[in-house]
Protein chains: 2
Amino acid sequence: MTTLVDVAKKANVSKMTVSRVINHPDKVTDELKQLVYEAMRELDYHPNVIAKALANNSTRIIKLCILEDIDTTEPYYMNLMIGIAKTLDLHQYSLQLVTRNNFDIGNCDGYIITGMRESDVEWIKKLKKPVVMFGENRYGFDYVDTNNKSGTYILSQLALKKGYERLIYVGIDSKESFEYSRESGYLQQVQEKRMMPELHRFGNHSHLAEEFVEKNWDNITKNTAFICASDRLAIGIERGISRCGGKIPEDYGVTGFDGVFLNQVASPKITTIKQSIIEMGSACGENLLDKIVTEDKQGALIFEPKVNLGGTLRV
Amino acid sequence: MTTLVDVAKKANVSKMTVSRVINHPDKVTDELKQLVYEAMRELDYHPNVIAKALANNSTRIIKLCILEDIDTTEPYYMNLMIGIAKTLDLHQYSLQLVTRNNFDIGNCDGYIITGMRESDVEWIKKLKKPVVMFGENRYGFDYVDTNNKSGTYILSQLALKKGYERLIYVGIDSKESFEYSRESGYLQQVQEKRMMPELHRFGNHSHLAEEFVEKNWDNITKNTAFICASDRLAIGIERGISRCGGKIPEDYGVTGFDGVFLNQVASPKITTIKQSIIEMGSACGENLLDKIVTEDKQGALIFEPKVNLGGTLRV
DNA sequence: GTTTAATTTGTTACCGATAACACATCAGAT
DNA sequence: ATCTGATGTGTTATCGGTAACAAATTAAAC
């Protein structure tokens, strides 16, 4: 492999000049820069990242910290990892998967954290390296997420446009930030239309939503659409309605949130918000690397949601 | 962070001794070793991988080279990557995904290659860094794979045990090694039982298998089981039989190979061979890292197949 | 009881980059 | 013409390890 010194010799300059051409090109005259660029091209020079890392005493390791259980049937975390890894690899960083237990083993240059709860805030604040969260939060941490509020807002709007006259929100029984945002998207739409909000919350399991429909079937008038905070709940609602003999999408509408794997087995497919986890993962990585280089706050990076039309709303 | 020198001072030895305690402990007296170990423990010393890499002029990068098209709906490659990454991360190596095009950009310590064709053999032989293949081959490259032959052998055996009296093999129309192995597993079982082998080959698409069943329905006697070389073909066979009014598993049996995602949407689920791609990926990584350290040939690492019972064979 | 060889430890140079400092060079100010 | 200060370039030390060699100690051989 060719090194700085090889290039320096060829260009008749010191290796420091070559280094400067790479890192601080404004501090070198155009004349020398040309010479150096040419030498680099001729020798097909690629900087040695390892040496660079040692000189800057960095590790080129990013830790991905998943603070909730990994449900392996969902490609969610895999997609996230793929997305992050894509970006990191590009910059010759490597990804390390950690949990709460093996968290502080070994050094790193930064953290990507997902699944944070309120109780995690304290120790996260104490981390000495840059952090980017995956998933919105209200503690001032930089994050990447879908626009959760906008998602339910759009789906509610869509349901109304399709002629459903009653909107019931089916949320997740959790105090996490994304849930509040999804609720508020529904609420905003409902208020704009001066409708009566109806909210229910359950653990994120399809059978709970299914039970809910079956128990309350008498009160569920025709022409109602259910705006659900997750595909899982939506699938439960869908099954409940089918069981009770309701017709989707003619008499009842259902929308979900996520666009993940599970939906592939629903029939009809749920109309939902599609999140490109891979893209968001990439963005997460880029954000973090930026932060490592510039040491700046990145703020929130919010992806506008895309509706994935299924068969649970009228055409 | 504490360094070699810190440990050396604390233990009253030279840093070289500390380095030796780590890398060549047999060349240091027990007395000094004890001192050094103690110092390392007290100072919570963790070697700096970056410095190590620089000194050894290694890159800590492994290239994963996928030589076939990536079907993103299948979690196959994701699982493979997860598996590999798991191992590599553990050893602070990073994974770089490359294709034929960007293959020789940048240096690396080793390669994991999958989807090799015959035409790739030449350039792979010329690589100067250790290589491990994912998927069997007959060119002497080290590899990791499921025992393909054993898989079809076992499924054929199982089908016979369940009372099916005729076994038809449905293979993939390809000259790749795994296909030959799967065929030979079927053939061995059939020959042991002194049955008449019946083989057919198609491109790996479900509709081709489906067509085959429909066109030949008259010749497909009851009590026949189809041993398929992939889940995709198996799904096609299953659909074909259903269309023609055949009953699975009462009158007809079907087995697949892979245990991948697609199977989740089949009804009834295919009885198939389950491959733990993640585990195999990990093994691939370990094999390669071993090879990098020892410079030895690793040979083949073959995973014994596990049958995943679905509903396409009698109970 | 030397001589020789083997074992153990320390010294030095080096891996390939960067930062901090030192040294030219040249413009403008006095 | 000399003195400043800005700018561009080269020198040196350093990051945290390892290999190769040198030195010191110990053991074995004659």
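Here is how names work: the chains are called A, B, and so on, in the same order as the sequence lines, proteins then strands, and each is numbered from 1.
Following rounding to the nearest Å, A/N12 (CG) and D/dT9 (P) show an atom-to-atom distance of 13 Å. We find that CD of B/Q92 is positioned 14 Å from C1' of D/dG17, with the value rounded to whole Å. To the nearest angstrom, P of D/dG16 lies 17 Å from CZ of A/R60. At whole-Å resolution of the value, CE in B/M1 and P in D/dT14 are 21 Å apart.
Looking at B/D120, its side chain never comes within 3.5 Å of a backbone N or O of B/M116 through a donor-acceptor pair. Formation of a donor-acceptor pair under 3.5 Å by the A/K27 side chain with backbone atoms of A/R20 is not found in this model.
Listed by residue number, the members of residues 38-55 of chain A with any heavy atom below 4.0 angstrom from DNA chain D are A/L54, A/A55. Near DNA chain D, defined here as any heavy-atom distance below 4.0 Å, the residues from residues 14-34 of chain B are B/K15, B/M16, B/S19, B/N23, B/H24, listed numerically.
By the 4.0 Å N-to-carboxylate-O rule, A/K291 lies close enough to A/D142 to be salt-bridged with it.
For the pair A/M133 and A/C284, the tightest heavy-atom approach, listed with the atom from each and the gap, is O-SG, 4.1 Å.
Comparing A/N56 and B/N57, the nucleotide of DNA chain C nearest to each residue sits closer to the 5' end for B/N57.
Side-chain atoms of A/E136 and A/Y180 include no donor-acceptor pair closer than 3.5 Å. Under the 3.5 Å distance criterion, with hydrogens and angles disregarded, no donor-acceptor pair is assigned to the side chains of A/N137 and A/S177. Side-chain contact of B/N147 with B/E304: a donor-acceptor pair under 3.5 Å is present, judged by distance alone.
No side-chain heavy atom of A/V121 sits under 4.5 Å from any side-chain heavy atom of A/R138. Counting heavy atoms from C-beta on, the side chains of B/M40 and B/I22 come closer than 4.5 Å.
Rounded to 10 degrees, the angle between the two end axes of the helix from C/dG1-D/dC30 to C/dT30-D/dA1 is 50°, with five pairs used at each end.
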Given B/I61 and B/N107, is the side-chain contact (heavy atoms from CB on, under 4.5 Å) satisfied, shown in steps? CA-CA 8 Å; B/I61 291 174; B/N107 214 342; over 6 Å; no

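Surrounding NZ of A/K175 are at most 12 heavy atoms belonging to other residues, nucleotides or ligands under 6.0 Å away.
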